[in-house]
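Notes to accompany the following structure.
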Amino acid sequence: MNFLEERIVKDGVVKSGNVLKVDSFLNHQMDIALMEEIGREFKRRFGSKKVDKVMTIEASGIGIAAFVAKEFGVPLVFAKKSKSINIDGDMFVAEVESFTHKNKNQVIVSKRFLHENEHILIIDDFLANGCALQGLISIAESAGAVVEGCGIVIEKGFQIGGRVIRNMGYHVESLAIVDAMDAESGTITFREQ
Ligand code: 5GP
């Protein structure tokens, strides 16, 4: 088991509805030493790529992506969830269905912060059905930016997102892939990588 899988086994909680709670160390309270290690691991995995900017989606991606951006020495831009229907032409927009809240949000990135031919590394905490990643990819591509890859902290391999995004031709690296989890017993099975 790698450092993250060990931590998930120790402190993760399997909830019903295919939800894994990691809020004691990743997306509510954050273990900063672990974040640093995650940042270094993504740098190791994507270090041979040209990365001009890291991109994520609010809220839980931001903390993680910040450590990745620091490793690469580049800015981080995060897509904002927007309720406004009057989005002007200064924004790139995508519609994203939330896995955890089951609602749809428009997510926006200002055209000031994403440019043609910029090389982007997308980072997020979880990959489930792939809606968040697809939204971020669509925003990057409408800007004419180049998506170098997607770095995911925890992929739920029994949901379709990983397959969909890889089949689209994108390089996805997940630090832990959960192949099965059971809310009753609390057991979590990881994919050998
Ligand atoms: P997707 O868009 O791939 O269906 O879901 C990814 C997004 O939903 C992530 O940004 C993450 O915030 C949230 N998410 C999906 N599955 C889980 C989960 O099991 N636990 C937590 N905490 N968040 C999840």
Side-chain angles (χ1 to χ4, degrees), residues 4-5 7-31 34-35 38-39 42 54-69 76-83 92-109 120-141 147 149-191:
L4 180 69
E5 293 166 338
R7 189 59 181 269
I8 294 169
V9 167
K10 183 167 160 275
D11 291 328
V13 180
V14 182
K15 295 284 187 185
S16 58
N18 287 332
V19 171
L20 177 61
K21 272 200 108 166
V22 288
D23 59 355
S24 66
F25 61 96
L26 193 73
N27 54 21
H28 190 20
Q29 174 172 262
M30 297 175 82
D31 178 335
L34 185 82
M35 297 300 119
I38 288 171
F42 281 127
V54 171
M55 187 175 162
T56 190
I57 183 167
E58 70 176 3
S60 50
I62 299 173
I64 300 156
F67 284 88
V68 182
L76 158 65
V77 63
F78 61 92
K80 291 175 167 233
K81 293 172 183 159
S82 165
K83 296 215 178 347
F92 298 111
V93 186
E95 185 143 291
V96 172
E97 185 166 344
S98 162
F99 177 82
T100 36
H101 301 107
K102 307 288 177 223
N103 60 347
K104 280 191 180 175
N105 280 301
Q106 281 193 314
V107 298
I108 56 169
V109 173
I120 304 296
L121 175 60
I122 294 176
I123 296 290
D124 205 5
D125 59 343
F126 274 91
L127 173 56
N129 292 326
C131 299
L133 275 192
Q134 287 199 56
L136 291 171
I137 289 169
S138 130
I139 283 179
E141 301 214 315
V147 176
C150 306
I152 299 295
V153 180
I154 305 172
E155 174 177 342
K156 290 184 292 177
F158 54 88
Q159 294 179 289
I160 58 167
R163 202 166 347 121
V164 170
I165 306 293
R166 288 184 182 94
N167 284 345
M168 288 164 72
Y170 294 100
H171 176 187
V172 180
E173 290 280 343
S174 301
L175 304 190
I177 302 181
V178 175
D179 262 344
M181 56 188 204
D182 183 65
E184 225 158 82
S185 62
T187 49
I188 301 170
T189 312
F190 295 103
R191 189 175 301 174

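Read the numbers this way: they start at 1 and go in the same order the structure lists the ligands and their atoms. In this text, all values refer to a predicted model and were calculated from it rather than measured experimentally.
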Let me see the working for Val22 and Phe126 under side-chain contact (heavy atoms from CB on, under 4.5 Å), right down to the final yes or no.
CA-CA 10 Å; Val22 288; Phe126 274 91; 3.7 Å; yes
Show your working on side-chain hydrogen bond (donor to acceptor under 3.5 Å, both in side chains) between Ser60 and Asp125 and close with a plain yes or no.
CA-CA 7 Å; Ser60 50; Asp125 59 343; 2.8 Å; yes
Nearest atoms (heavy-atom pairs only) where Gly130 meets Ile165:
O-CD1, 4.0 Å
Between ligand 1 and the protein, tabulate every N or O atom pair separated by less than 3.5 Å, reporting distance only.
residue, atom, partner, partner atom, Å
ligand 1, 2 (O), Cys131, N, 3.1
ligand 1, 2 (O), Ala132, N, 2.8
ligand 1, 3 (O), Ala128, N, 2.8
ligand 1, 3 (O), Asn129, N, 3.1
ligand 1, 3 (O), Gly130, N, 2.7
ligand 1, 4 (O), Asn129, N, 2.8
ligand 1, 10 (O), Asp124, OD2, 2.8
ligand 1, 10 (O), Asp125, OD1, 3.3
ligand 1, 12 (O), Asp125, OD1, 3.4
ligand 1, 16 (N), Lys156, NZ, 2.8
ligand 1, 19 (O), Leu20, N, 2.8
ligand 1, 19 (O), Lys156, NZ, 2.8
ligand 1, 20 (N), Leu20, O, 2.8
ligand 1, 22 (N), Leu20, O, 3.4
ligand 1, 22 (N), Asn27, ND2, 3.4

Could you tell me whether the side chain of Gln159 and the main chain of Ala128 form a donor-acceptor pair under 3.5 Å?
no
Ile62 vs Ile57 side-chain heavy atoms within contact, under 4.5 Å:
no
Ile177 side chain near Phe190 side chain, heavy-atom distance below 4.5 Å
no
